[in-house]
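Data first, discussion second: the structure below is written as structure tokens.
Convention: sequence-line order gives letters A, B, ...; per-chain numbering from 1.
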There are 2 protein chains.
Amino acid sequence: MSSLVMTSDQILASARNFIVSGGYNGFSYADIAEVVGVRKASIHHHFPSKVDLVRTLVARHRERTEVSMADLESKFPDPLALLQTYAGYWAKCIEDASVPFCVCALLASELPALPPEVAVEVRAYFRSLSSWLTKVMNRGAEQGILKFAGSAELEAETFMATVHGAMLSARANGNPALFDAILTPTVQRLSAKVH
Amino acid sequence: MSSLVMTSDQILASARNFIVSGGYNGFSYADIAEVVGVRKASIHHHFPSKVDLVRTLVARHRERTEVSMADLESKFPDPLALLQTYAGYWAKCIEDASVPFCVCALLASELPALPPEVAVEVRAYFRSLSSWLTKVMNRGAEQGILKFAGSAELEAETFMATVHGAMLSARANGNPALFDAILTPTVQRLSAKVH
DNA sequence: TGAAGTCTACCTACTAGAAGGTAGACAATG
DNA sequence: CATTGTCTACCTTCTAGTAGGTAGACTTCA
């Protein structure tokens, strides 16, 4: 805890950027060392192994997401506004290229080849996000603000799939705006209001 | 062309399996050598470099997909049946674990870190698939068989995003059936028939 | 027809460099 | 003075890729 910006946080941030761009096997300790400006051995001091590093990263990502979601719910009681804000958050991250992909979505695609300790955390993130979305869908249906044909669980999974798929399409097309182009009508379609 | 099953085809098939499970950097020539039962040097004989191997794999995947799609169109003139068959094809591949993920979807997620020669081919696959889907959406709307609010292009991109996102959700949840659970209502929603 | 040359597919053995990781010395600092 | 963070210097294993060679099938042509 010497400098203002802690080295361990810089290491985590750099690891996240690398993973978001090329996955678990797409970077090395040497890559991070160069970005952060320390030696490889110093990274091992903070995170003894690559598994430790990525497990910590994913666990922290889930915790922060859970806090953000609780935060969002207190600010926007309306379930439709909640979905709009969630989609809008990612639209902004993708369009300003600050976080062009979800780190857990990328790791989930490599799940069968991931070290088990990391895989566990990635699955936990997906469970956490889908249970939050299910809650939102349920509340929206009860309040007559959202409408959908199937169960809240299925609608939550479908919404999540569309979000992650839209990230992929935006990336594959080299067109960040495509994310919002897909998400805005998708959220709108869930609205119970005539449109 | 000595044996019945060509070694180069076995190499490509093995590479596809590895990529589908862990991405471009998730396997080595040694891994393939072990599966196919030849030495590393023999793989270099067929595919001088890893870039050659994966570029060939993706290019062939696109060509075969294009042929399959043309084939499908001649068998099923109905645009709705076309979408159902396409979704059903993937549902089968995922559920019997023969091809649990689209090789191009996985590579697209790693696009920024991919060798340029491979990245070009992956983008070509996405363009090819989305232009086919756009064609189907357009025809469906003209014939009054499909109905959707926005443009055919956007509907095609949204459908593609849902397919790829559903693959990811099925993988993250360790539940192959989730793919079909998401896709069946998604296709149904596009039907112009009352339901 | 059979010898010479060529081609394909594979092999063993090797390389340089990158991977993740370790041991131990040296500062700073509370 | 003990803890924390960093360093240099190293290790082992794996990486893609190369060098050079062998066995056998196919061609060419005297």
Protein-nucleotide distance (B:Gln10, atom CD; C:dA9, atom P), rounded to Å:
13 Å
Expected output: side-chain B:Tyr29 to main-chain B:Lys50 donor-acceptor under 3.5 Å:
yes
Measure CG/B:Leu53 against C1'/D:dA16 and give the value in whole Å, please.
12 Å
Atom pair distance, as rounded to whole Å: NE2 in B:His45 and P in D:dG17
16 Å
Rounded to whole Å, please give me the gap between CD in B:Glu34 and P in D:dC14.
11 Å
Locate the shortest heavy-atom distance separating B:Asn25 from A:Gly26; write the atom from each residue and the value.
ND2-CA, 3.8 Å
Hey, is the main chain of B:Ala181 close enough, under 3.5 Å, to the side chain of B:Thr184 for a donor-acceptor pair?
no
Can any side-chain N or O of A:Asn17 pair as donor or acceptor with the backbone N or O of A:Ser14 at less than 3.5 Å?
no
Mark yes when over 12 heavy atoms from residues, nucleotides or ligands other than B:Glu34 sit less than 6.0 Å from its CD; otherwise mark no.
no
Using a cut-off of strictly less than 4.0 Å between a heavy atom of the residue and any atom of DNA chain C, enumerate the qualifying residues of residues 111-119 of chain A by number.
none
Phosphate OP1/OP2 of C:dC10 contacted by B:Thr7 side-chain N/O (<4.0 Å)
yes
Donor-acceptor pair, B:Lys147 side chain versus B:Ser191 backbone, under 3.5 Å?
yes
Side-chain donor or acceptor of A:Arg55 paired with backbone N/O of A:Pro115 under 3.5 Å:
no
Assign a letter to each nucleotide of nucleotides 12-30 of chain C from its 5' end: B, base within under 4.0 Å of a protein heavy atom; S, sugar-phosphate only; -, no contact.
B------SBBBB-------
Mind checking side-chain hydrogen bond (donor to acceptor under 3.5 Å, both in side chains) for A:Asp9 and listing every partner two or more places apart, or none if nothing turns up?
A:Arg60
